[in-house]
Novice: 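First, the structure itself, so that you have it in front of you.
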Amino acid sequence: MPFELIPVIEFLKQLNQEQYDAVVHKDGSAMVIAGAGSGKTRVLTYRVAYLLANGVDPFHILSLTFTNKAAREMKERVMNLVGDQQGRNVWMGTFHSVFARILRIEGHHLGYPSNYTIYDSDDSKRLIRNIIKEKDLDNKAYSPSYVAHRISMAKSNLISAEEYANNPDLLSADDSAKKPLIKDIYLTYSNRLKKADAMDFDDLLFNTYVLFRDFPKVLYKYQQKFRYVLVDEYQDTNHAQYLILNKLAALNENICVVGDDAQSIYAFRGAHIGNILNFKHDYPDFKLFKLEQNYRSTKRIVSAANKVIANNKDQIHKTVWTDNDEGNLIGYIKATSDNEEGAMVANSIFETKMNQQLPNIAFAVLYRTNAQSRSIEEALRKLNIPYRIFSGLSFYSRKEIKDLLAYIRLTINHNDEDALLRTINMPARGIGKTTMEKVVIAADAYNVSLWEVLNTPIRFHVKINSGTAAKLEAFATMIKSFAVELKKKDAFEVAQHIATSSGLLRLYREEDTPEGISRVENIEELLNAIKEFVVKGAEQNEGDMEYQGSLDEFMQDVALLTDADKDDEDKDKVSLMSIHAAKGLEFPHVFIVGLEENLFPSIQSISTRTELEEERRLFYVALTRAQEKVTLSHAESRYRWGQFTITEPSRFLEEIDEKLIDKPKRANIRLPQSRQTMPQKRPDKNFKPIEYAGAVNSAGKKEENFVPSDTAALQTGMRVEHPKFGKGKVIAVEGQGPNKKATVFFTGIGNKSLLLRFARLRILS
DNA sequence: TCCGATCTATTTTTT
DNA sequence: ATAGATCGGA
């Protein structure tokens, strides 16, 4: 017996009948349709524990999730159930990270080295942008994001560049969209990735599929290895993922998928709800389990969510119910502006926290778009409420981080084109645009990587003068010297060496501006993370001779990391995140902000029913994150892309039963307990944002009572104050009308050029 | 090639 | 509002 069976039996008692049945259904295919909050993660983790308890070797279990966070959480929970030793050996990870790992081992069958680079969407967009430029295409018709999306859709449907170029449907669609050359961009893009020994996110799936399709022996090896396959969030799988799972499970058919069609929110990137329906065709003997009891939320929340989702036509019937208390009414906040919305949300958090003595982690603010975090952040900061933003990629997509990572990538994989282009003149080394253009053209002509041309420019007939040649050689020599270090030292030492010798750190140090300082800090933070990786890895792998703590190990899936994966010592913070990022999480108190037409539902998604239904599922996901209380909020006006916009309340607000919502009232901060209810029309004059802002603030900082002046008469020499930059002196005023702007010298910050249309300035003298 | 000034796209969601 | 790309002059 691998470990004590007793605890598992004990744990099994905690399950309800359906959960229990799903957990102990050991062999054969199974689908678990799990309503929100019905304990699906629990079923998955217990199932893994149950398999282990029944003598299944941990090496034979594969468990796939969509986010690293979900994978990590599951791993922790499993380790708690069955002990670290067993738990660690189960393959648990995201589709992308697991397949990336398989491709490191097997990629040679497809002509990839094991140190291939993973391009994140930023990198691939850069590459696409370059190709568009090289082909001299109109970058209005061919916007990189559009092309990237198009290629991504093709890849997730397993359509290669060659197949794309021969597919009449796709071609005519592109023709009528007046973008007939997408096929050429796709072809070039694929070639360039291959030449750079790089894969983008979609390639990780695409190539895994090709590997399994074309190399039956390899497929057989993994079928043997993964005798039990578990999949979380099955409703979000795309076609490529579906077929890979199909192949993997074909031998043993021990596949257990868990999902909820009502929570499918990734159709926009190719997820296919139909995969749930296909399941019964592929595995006719499958067992279906439905988890309908919600353990997470109050009756009112469950009922509101059910009512909302009932408006969707496309759904699998199920009845989510709960035994929990009736609970609070759903809160409602109506603000005049986005800033006021932030202040009211922050204030409500502050009050609830004080009244009920709750920690910050009890609260989450969810929004449709990441850009909405700003006003919330500002408001929380004013009230000294600590918060953490879980926004996609912000840390890893910072320029300085990308730069350092690019040096490391280039050191590991010299063929990495994006890394080379990014680093070669950063800091400036006198290798400019002209030279690199010649190199790119030569690389293209001889079908080799940029690195090869760089090393022996003469061989590829690049016409450059000796000075430039020397510069290129110096750069190549430097990268080669880094590569030598790589073999000798641990990850931290090499990374630090690279940061210093490349001149990157010096460059930012010399900047001596607040931005420069924060860049240096970010680089140091990355170096710390690498250090931690070395230390932690060494501890965990004690006695494991395989583990070197080397930099390539660190880099292996750094491209797959997001901000949410950084650890944070101080955990007690309010969470700010997009609804997409909140999937799978729960919080006692949830604020859903920006419930306005054209924002949520998004303006891009209101034209078709299916898109609108996806937005509604998103709203459903948001509502069902809450355990105790949901508060909905919207603002009557909002700045969007620098424009002041008047907004309409979201249609979703009307889809909730009025009886469940706290009477629409203006949250008067001065009279927080007031029964006063406000009309739903215009706010009365007492509720100017400024007055309000003054009332909420507690700390007595400058920003609180900030009243911007009319800057029409602003003149050179005037002393002004800015809420963020502090006091300063106007150096110059230029431009006319809406483009009028001022250059202001702020003490301790330096010159800032501000558009008066936007800048909030107070004239002091 | 470098530097500063000017223009522009960005905002949907993520691995 | 802002970062990044682009342009033009030195």
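Below, chain A is the first sequence line, B the second, and so on; all start at residue 1. Heavy atoms only: backbone and side chains are in, while hydrogens, waters and symmetry mates are out.
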Novice: Give the rounded distance in Å between these two atoms: CG of A/Asp122 and P of B/dA9.
Specialist: 18 Å
Novice: With a 4.0 Å cut-off on heavy atoms, is A/Phe600 in touch with a base, just the backbone sugar-phosphate, or nothing at all?
Specialist: nothing
Novice: Is the distance from OP1 or OP2 of B/dT13 to the nearest side-chain N or O of A/Asn370 less than 4.0 Å?
Specialist: yes
Novice: On a plain distance test, is the side chain of A/Arg640 in donor-acceptor contact with the base of B/dT11 below 3.5 Å?
Specialist: no
Novice: When the distance from NE2 of A/His149 to P of B/dT14 is rounded to whole Å, what number comes out?
Specialist: 14 Å
Novice: Atom CE of A/Met577 to atom P of B/dT13: distance rounded to whole Å?
Specialist: 15 Å
Novice: Does A/Asn312 form a side-chain hydrogen bond (donor to acceptor under 3.5 Å, both in side chains) with A/Tyr620? I'd like the steps, not just the answer.
Specialist: CA-CA 11 Å; A/Asn312 274 8; A/Tyr620 177 80; over 6 Å; no
Novice: Hey, is the side chain of A/Ser578 poking within less than 4.0 Å of OP1 or OP2 on B/dT14, counting only N and O atoms?
Specialist: yes
Novice: What's the CD-C1' distance between A/Glu437 and C/dT6, to the nearest Å?
Specialist: 13 Å
Novice: What is the distance, to the nearest angstrom, from the CD1 atom on A/Ile265 to the C1' atom on B/dT15?
Specialist: 13 Å
Novice: Can you name the atoms? Protein N/O to nucleotides 1-3 of chain B N/O, anything below 3.5 Å, with the distance.
Specialist:
{"residue": "B/dT1", "atom": "OP1", "partner": "A/Thr435", "partner atom": "OG1", "Å": "2.8"}
{"residue": "B/dT1", "atom": "OP2", "partner": "A/Thr434", "partner atom": "OG1", "Å": "2.7"}
{"residue": "B/dC2", "atom": "OP1", "partner": "A/Gly430", "partner atom": "N", "Å": "3.1"}

Novice: Does a donor on one side chain and an acceptor on the other come within less than 3.5 Å for A/Glu611 and A/Thr608?
Specialist: yes
Novice: Using atom CZ of A/Phe201 as one end and atom C1' of B/dT13 as the other, report the distance to the nearest whole Å.
Specialist: 15 Å
Novice: Can A/Phe268 be classed as stacking with the base of B/dT13, given a centroid separation cut-off of 5.5 Å and a plane angle cut-off of 30°?
Specialist: yes
Novice: If I take atom CG in residue A/Asn598 and atom P in nucleotide B/dT13, what distance separates them, rounded to the nearest angstrom?
Specialist: 16 Å
Novice: Choosing from C/dT6, B/dT14, B/dT15, which nucleotide comes nearest the side chain of A/Lys133?
Specialist: C/dT6
Novice: Nearest to the side chain of A/His96, heavy atoms from C-beta on, is which of B/dT13, B/dT15, C/dT6?
Specialist: B/dT15
Novice: Any heavy-atom pair between the side chains of A/Met199 and A/Asn207 that's under 4.5 Å?
Specialist: yes
Novice: Go through it in stages, so that I can follow the logic: the residues are A/Asp338 and A/Ser375, the test is side-chain hydrogen bond (donor to acceptor under 3.5 Å, both in side chains), and I'd like the CA-CA distance, side-chain angles, deciding distance and then a yes or no.
Specialist: CA-CA 6 Å; A/Asp338 46 358; A/Ser375 57; 5.3 Å; no
Novice: With A/Lys69 as the cation and A/Phe390 as the aromatic partner, state whether NZ or CZ is under 6.0 Å from the six-membered ring centre and within 45° of the axis.
Specialist: yes
Novice: Find which nucleotide of DNA chain C each of A/Arg374 and A/Lys399 is nearest to by heavy atoms, and output the residue with the more 5' nucleotide.
Specialist: A/Arg374
Novice: Given atom CD of A/Glu614 and atom P of B/dT13, what is their separation to the nearest angstrom?
Specialist: 13 Å
Novice: Would you check if there is a donor-acceptor pair between the side chains of A/Asp416 and A/Tyr119 at a distance under 3.5 Å?
Specialist: yes
Novice: How do A/Glu611 and A/Phe95 order along DNA chain B: which one's closest nucleotide is nearer the 5' end?
Specialist: A/Glu611
Novice: A/Lys402: what forms a salt bridge (charged side-chain N to carboxylate O under 4.0 Å, His left out) with it, not counting sequence neighbours?
Specialist: A/Asp120, A/Asp123
Novice: For the side-chain contact (heavy atoms from CB on, under 4.5 Å) test, which of A/Asn238, A/Leu204, A/Val231 pairs with A/Phe95?
Specialist: A/Val231
Novice: Do the side-chain N or O atoms of A/Ser602 get closer than 4.0 angstrom to the phosphate oxygens (OP1, OP2) of B/dT13?
Specialist: no
Novice: So what does A/Lys583 touch, heavy atoms closer than 4.0 Å: a base, only the sugar-phosphate, or nothing?
Specialist: nothing
